[in-house]
2 protein chains.
Amino acid sequence: MAIPDNQGGKRAADVIVTALEARITSGELENDKPLPPERDLMEEFGTSRTVVREAISSLANRGLIELRPRFRPIVRKPDYGTLLSATGTIVRYLLNEPGGVQNLYQSRVFIERGLVRDAALNATKENISDLKAALLANEKALDHSEEFFRTDIAFHGVLYRIGNNPIFPAMHEGFTSWLSPNWARMTRSDDHNRSVYLDHKAIYDAILERDPARAEEALIAHLSAAWSYVEETF
Amino acid sequence: MAIPDNQGGKRAADVIVTALEARITSGELENDKPLPPERDLMEEFGTSRTVVREAISSLANRGLIELRPRFRPIVRKPDYGTLLSATGTIVRYLLNEPGGVQNLYQSRVFIERGLVRDAALNATKENISDLKAALLANEKALDHSEEFFRTDIAFHGVLYRIGNNPIFPAMHEGFTSWLSPNWARMTRSDDHNRSVYLDHKAIYDAILERDPARAEEALIAHLSAAWSYVEETF
DNA sequence: ACACGAGTTTGGTACAATCAAATTGGAAAC
DNA sequence: GTTTCCAATTTGATTGTACCAAACTCGTGT
């Protein structure tokens, strides 16, 4: 079965969904602006409000519309971040299945291994200075548990931005938002923070010296250590 | 903005969504079985049918329920494939934006580079025999354009299955279903098929000899060649 | 020029009714 | 006894109307 999605089924709502979808992606319905009122749409499409409403709900679930409780629906042109919110529910469910967290974490390690290798091989001066800045921020926050957590994530985030491909930062957001709940419980002692920082530094150094193998090793050591913490919480 | 999803908003429909979501994931509502009738649900939750309907629609969009036009809604425990259909619309839109196809293709190359490296390092005897079988099938289909295309995809698919992580095959499905439309137009001459086959064989050989660097090189050469075809069609 | 408040717009929910397709169950046929 | 086939019923899809409360508008008064 290769993506059935929608076939012959011609629910009235689907017609509206398709039409609005086109208007949003074509720009006829401007980004960040409110959708026409339900009552107008119902008149335009010659259907009942129920149907219009269902269509809107559908678009909201697909991330093309932002739906706040009592407010006008707001048009949102999709970006790679939209994919995250659209998949959030499913992912969260999958994570609760046996091995779910491990599978996702393993994927993250896989990705970042490739990223640090590439960084070691192709990082520009600017990339490296970004990385250095992130590392410094990380060091400065050594004593501030809260801030350290943020800079930790930010450091990894730089790696995802090196390739200049918007898909990767989106993946980073996904990894952090889906996996960090499993981190939340883990004690963030100063000792631990220092060890994390040193890992980051090792990765940075290897990249600086253009040594992909060592960069990959350092990353694996880093993320394996983190994983052992996660494992304990189960 | 880190995944707002739903906040304070307490729409009545959301209550039902949450409840049914729990019943589905807990198994109280069995997989592949129809949902209770809307009228029963409306009585149970003490709401109008409108709300029940909206909730069902929402669950359908999230992939937890399959909704065929006039049939009973069917419960579907999500798997990693569900993510694909849930994101299909958005991805297809993103691909039409400038650089969209290239970004996705680049991600695919990135992933497969890691996969072949890992394969060269860690593939079990069974993995390798799977790969060999796929390669043979690919060779046999050299003269059958249709079949060759399938075995081409299958060969790459083996790589995604080596890690034993269900996320990767799902990614493969995504790549093929989202990118192959761009392949469709490209001429599949016998000459071209042979060149593709030889690329596959080079990758296989490198993996067999446990040489990750050569495997990666072979893969890059292979996918770069394919990309040049895609580029021409723009 | 600014704050305020009444009136209007709009989304959220409810209820009742109709239609057409799907499902079921029992009668008829083999 | 098993199968076939046609009602009767179930159920999803859609319509229309109505009401409420929150958001929004706009004009008034300070």
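Letters go in sequence order (proteins before strands), and every chain restarts at 1. These numbers were taken from a predicted model, which means no experiment stands behind them.
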Got a sec, which residues hit salt bridge (Lys or Arg N to Asp or Glu O under 4.0 Å) with [X], two or more places apart in sequence or on another chain?
X	answer
B:R49	B:E38
B:R113	A:D118, B:E216
B:R150	B:E147
A:E97	none

Rounding to a whole Å, what distance do you find between [X]:[atom1] and [N]:[atom2]?
X	N	atom1	atom2	answer
B:R72	C:dT24	CZ	C1'	12 Å
B:I56	D:dT11	CD1	P	12 Å
B:D14	C:dG12	CG	C1'	11 Å
A:I74	C:dG11	CD1	P	12 Å
A:I16	D:dT14	CD1	C1'	11 Å
A:L41	C:dT10	CG	P	11 Å
B:D40	D:dT11	CG	P	7 Å
B:L35	D:dT11	CG	C1'	12 Å

Looking only at the side chain of B:R53 (C-beta and beyond, no hydrogens), which of the listed nucleotides C:dT10, D:dA13, C:dT23 gets closest?
D:dA13
Can you list every pair that meets side-chain hydrogen bond (donor to acceptor under 3.5 Å, both in side chains) and has a residue in residues 26-35 of chain A, with sequence neighbours left out?
A:D32-A:R76
Taking side-chain contact (heavy atoms from CB on, under 4.5 Å) as the test, write out the residues that go with B:V75, two or more places apart.
B:I24, B:L29, B:L35
Using side-chain contact (heavy atoms from CB on, under 4.5 Å) as the criterion, list what pairs up with B:T50, not counting sequence neighbours.
B:S48
In Å and rounded to the nearest 0.5 Å, what is the CE to CG distance from A:M42 to A:D40?
9.5 Å
Side chains of A:S58 and A:N61: any donor to acceptor distance under 3.5 Å?
no
Which parts of nucleotides 14-19 of chain C does protein reach within less than 4.0 Å, heavy atoms only, written one letter per nucleotide 5' to 3' as B for base, S for sugar-phosphate only and - for none?
BB-B--
Rounding to the nearest 10°, end axes of the helix from C:dA1-D:dT30 to C:dC30-D:dG1 built from five pairs each make an angle of 10°
